[in-house]
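By convention in this document, chain letters (A, B, ...) are assigned in the order of the sequence lines, proteins followed by strands, and residues within each chain are numbered from 1.
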Amino acid sequence: MNKGLIIMKKSKNFLQTIVEKDLQSGKYKEIITRFPPEPNGFPHIGHAKSIFINFGIARDYNGHCNLRMDDTNPTKEDTKYVEALKDAVLWLGYRWEGNIHFTSDYFTQIHEYAIKLITMGKAYVDSVDEEKMRELRGTVTEAGKRSKYAKRTVAENLDMFERMRKGEFKDGEHVLRAKIDMSSANMKMRDPLMYRIRHAEHFRTGNKWCIYPMYDFAHSLSDYIEGVSHSICTLEFENNRDIYNWVLDTLDLTPPRPYQHEFARLGINYTVMSKRKLLELVKGKYVNGWDDPRLPTIAGLRRKGYTPESIVTFCDKVGIAKANSMVDIAQLEFTIRADLNTKVPRVMCVLNPLKITLVNYREKGEKLDASYYPDDVPKKGSRALPFSREIYIERDDFEENPPKGYFRLTPEQPVRLKHGYIIACKEIIKDINGCITEIKAEYYPTSQSGSDSSGIKVKSAIHWVSADTAKRVEVRLYDRLYSSEIPESIEDLNPNSLKVITDALIEPAVVNEKPDERFQFERQGYFYADPIDYTDEKPVYNKIVGLKDSWGKKTKVTLQKSQTKEKKEQIDGEVVAMTPEQEKLFDRYKKELKLNSEIANTLARDADLSAFFEMALKVLYSPINLANIITNEVAREIKQSSKDSLKFTPNQIAELIEMVDKATISNKIAKQVFEEMVTSGANPKEIVEKRGLLQISDPDHIGRVIDEVIEKNYENLEKFRAGNKKLLGFFVGQVLKATGGKANPKLVNQLLVQKLG
RNA sequence: UGGGGUAUCGCCAAGCGGUAAGGCACUAGUUUUUGGUACUGGCAUUCGGGGGUUCGAAUCCCUCUACCCCAUCCA
């Protein structure tokens, strides 16, 4: 892997956090991940993200990553896709551990696990048809029902399952289902299918099996069999996590076992990523095959000229999180530009030629020495660049009636030929239609690049080729595939996504010397010698990406974005009404105990909470403080664990609040103490005593600490005095930190305000 | 509609009670024989909305809203 270029992000993503925690706690001694695609389509940049995550985490934490083909559906999968998947991983620079794995390698073991589940009474053979099954499954709001076949005995199930395996039944006649819960709120848990009959030839196991395990069953077990520690997948599998856990838990396997974690899949605007849509584009010949450079497939990106490093960098830069997101294609384009900028030679190629005759130049040409790299790219190399009386420049680089701010050649404005001379326009030749066919110009003999003594100032240097030696080449200009940011259908395709120029003119060294396969065509963009269609007779270059073009942007009609970001008015929904009992409680809390409405409301609506509160209140009559901590802190713990497993009691909470009331400890400390009560179940007073958490309310003491803090943070003091009042919080924090959180924060605040003035 | 998720700048994304990181995009300027690159500066008084707790809240509590996923014998 190219070490120098890729600078990885500093901040950790949530998966790395999980992995580190698991490593630290000793849950796993090695991190094992896997990249588990189904070989039923060509990998795209979304797969690259998954590859980056799985292989990347394995590498970062000295573990390993398996490449596993999830081949449980013989009717869809094919070996040609496994080759494409292998290529993608390798090309991106990753190596998998050992051989490639296949879920089909585990069919025998998975089958045994299925039998075990049947024996445990946790799985059964169902024999209803598809339609009936759907009906029985219920809906998201209504519970489902089990079919009558769920009552089959273990022996019967064993027998039926064996007959399924032996091929005694036709497709769809029977299935094996896990016996979980037909009324589960999670639809995925309503007795999910484990096995179905498929009399089809599998590309690896041939006709050995006619029953195949379903994803949920096979995937969890394959992960387990491979010793995977972190099973990382995309968000849409969140609901499947319950089955994943169910399978591994009920089988009671020897630990350690894998756990599933989900991240958001990659979305990029102006393109599509779904297998279905990609297939449609290829099948419908909207593009030229899976490696069409306009496609976001790995093969396409690769053929277009993207480097693997740039794609890995891109994956790293967009980050890994759980929010559905749509990354701007500009981000990808930036990454490849940044990569290529420091790597590839600059050459000149004229896409749309305009002939220039240098009327004062001699008949015989000359060779100019031209570096392949600009000064800011630390690479060496140059070529002899032919120059002659007749040259071609880009049609865009001449304007008869230039707009304001135009830097290139005009009747009045001279321009430099990159690596060559300065020229000035003398005469414009037009055809009968008024179309410019040629420019007669003069060159300044003393203006040669590198030894210019002409003293002429030009606004820009343009690219060109010498007419006698230029080579004709094909250039394929690619633009984004879709013209709409979030494409819906074929109608959104960009009709100009491919523009082929068959007669571009390139300087000869590019095809003769072939200094590289990727180039920057000076002032235009990065190009790649097409790996398939390129021949010495007919060189073909693909446009990888254009250069940033701030002139083009300026001249284009500025498409205005409505910058009036009017805040959308948010309509609040109805809050569920209180029951009469709750209402009564609410009134008492509010009127009698003087709690504020919000606290009273929360308390009154939650029976567990109010019960806890009432008990604490009997011990200590300090309704407001008690209610506050109970609704804001205790509530969380009550919600998480069932009431009885709480490690602390209402008595202890009362005890804690008593200390707050007496100003023995501050609110801040009270929260700290509470945290410890939650985990250890110790008595609050003991905690305070043991850890010496008594509040410091001595102004002199605090004052001394403040002075120290101010001294250490002189810069911030300046800023504060200059008007950055937010910094007060910073100072309070520092003082509190210095006293181990024990200083009385109110006092700290007061004193700080005085001292900072 | 039940369940599971997610909301921090135009687009990504850190942040885990104490000064709202960073990148892309945008923008202004410097350098430049690429209108490129590089460099410098500007880009969130505010974290989906509203309340509450706290000396102090993007972070804790309550509540509402929006979006995504789940009712394939696909993965």
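Nucleic acid contact class of A:R190 (heavy atoms, under 4.0 Å, all strands): none. Across all strands shown, A:K188 has heavy atoms under 4.0 Å from base atoms, whether or not it also approaches the sugar-phosphate. Contact annotation for A:R605: no contact, since no heavy-atom pair falls under 4.0 Å across all strands. Within the nucleic acid shown, A:G525 has no heavy atom closer than 4.0 Å to any nucleic acid atom. Heavy atoms of A:H419 sit under 4.0 angstrom from at least one base atom. In this structure, A:V140 reaches the bases: a heavy-atom distance under 4.0 Å links it to at least one base atom across the strands shown. Counting non-hydrogen atoms under 4.0 angstrom, A:V128 reaches a base of the nucleic acid. Residue contacts shown for A:I422 are absent, as no nucleic acid heavy atom lies under 4.0 Å away. In this structure, A:Y526 reaches neither bases nor backbone, as no heavy-atom distance under 4.0 Å exists between it and the strands shown. Residue contacts for A:R416: at a heavy-atom cut-off of 4.0 Å it reaches a base atom on one of the strands shown. In this structure, A:E574 reaches the sugar-phosphate backbone alone: every heavy-atom distance under 4.0 Å involves primed, P, OP1 or OP2 atoms, never a base. At a threshold of 4.0 angstrom between heavy atoms, the contacts of A:S325 are confined to the sugar-phosphate backbone, with no base atom among them. Heavy atoms of A:N744 sit nowhere under 4.0 angstrom from any nucleic acid atom. Using a 4.0 Å heavy-atom cutoff across all strands shown, A:N269 reaches no nucleic acid atom at all.
When each of A:Y195 and A:V377 is assigned the nucleotide of RNA chain B bearing its nearest heavy atom, the one mapping closer to the 5' terminus is A:V377. Nearest-nucleotide assignment on RNA chain B puts the 5′-proximal partner with A:M326, out of A:M326 and A:G573.
Proximity of A:S550 to the phosphate of B:rG36: a side-chain N or O atom is located under 4.0 Å from OP1 or OP2. Contact annotation: A:R265 side-chain N/O to B:rA75 OP1/OP2 distance is not under 4.0 Å.
Of the P atoms belonging to B:rC12 and B:rA25, the separation is 15 Å, rounded to the nearest Å. A distance of about 40 Å separates the P atoms of B:rG15 and B:rC73, rounded to the whole Å. For B:rU59 and B:rU19, the C1' atoms lie 15 Å apart once the distance is rounded to whole Å. Here the separation of B:rG41 from B:rG23, taken at their P atoms, is 11 Å to the nearest Å. Straight-line distance between the C1' atoms of B:rU8 and B:rG48: roughly 10 Å, to the nearest whole Å. Nucleotides B:rU34 and B:rA75 place their C1' atoms 48 Å apart, quoted to the nearest Å. One P atom belongs to B:rU46, the other to B:rG10, and the distance between them is 13 Å to the nearest Å. B:rC9 and B:rC70: their C1' atoms are spaced 33 Å apart (whole Å).
Residue pairs meeting the salt bridge (charged side-chain N to carboxylate O under 4.0 Å, His left out) criterion with at least one partner in residues 743-753 of chain A, sequence neighbours excluded, are absent.
For the pair A:K725 and A:F720, the cation sits on the ring face: its NZ or CZ lies under 6.0 Å from the ring centre, inside 45° of the axis.
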* Asked: What string of B, S and - do you get for nucleotides 52-57 of chain B, 5' to 3', when a contact is any protein heavy atom under 4.0 Å?
  -> BSSB-B

* Structure fact -> Per-nt protein contacts along nucleotides 37-45 of chain B (heavy atom under 4.0 Å; B base, S backbone sugar-phosphate only, - none) come out as B--------

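Between A:Y215 and A:Y244, the distance separating the two ring centers is not shorter than 6.0 angstrom. Here the two rings, on A:F334 and A:F314, have centers that are 6.0 Å apart or farther.
Relative orientation of the A:F521 and A:F527 rings is parallel, given thresholds of 30° and 60° on the angle between their planes.
Under the Watson-Crick and G-U wobble criteria, each requiring two contacts below 3.5 Å, nucleotide B:rG2 is paired to B:rC70. Using the Watson-Crick or G-U wobble rule with both distances under 3.5 Å, B:rC26 pairs with B:rG42.
Judged by distance alone, with hydrogens and angles left aside, A:D572 brings no side-chain donor or acceptor close enough to the base of B:rU65 to form a pair under 3.5 Å. A:E238 contributes no side-chain N or O that forms a donor-acceptor pair with the base of B:rG5 under 3.5 Å. Not a single donor-acceptor pair, N or O on each side, falls under 3.5 Å between the base of B:rG4 and the side chain of A:R241. Applying the 3.5 Å distance criterion, the base of B:rG3 shares a donor-acceptor pair with the side chain of A:N239.
Within the 3.5 Å criterion, the main-chain N or O of A:K12 finds no donor-acceptor partner in the side chain of A:Q16.
Applying the 90° cutoff around 0 to the glycosidic angle, B:rU30 is assigned anti.
A:E399 and A:Y406 share no donor-acceptor pair across their side chains, judged by distance under 3.5 Å alone. Neither side chain, A:E522 nor A:Q520, offers a donor N or O lying under 3.5 Å from an acceptor on the other.
Under a cut-off of 6.0 angstrom, the local environment of CZ in A:R605 is crowded, with over 12 non-hydrogen atoms contributed by other residues, nucleotides or ligands.
Contact detail for A:V128 and A:S147: the closest heavy-atom pair is CG1-CB, 3.6 Å. Of all non-hydrogen atoms in A:P39 and A:L85, the two that sit nearest each other are CA-CD2, 3.9 Å.
Taking the side chain of A:A330 as heavy atoms from C-beta on, and the options B:rC24, B:rU34, B:rA75, the nearest nucleotide is B:rC24. Side chain of A:R134, nearest nucleotide from B:rU19, B:rC24, B:rC73: B:rC73.
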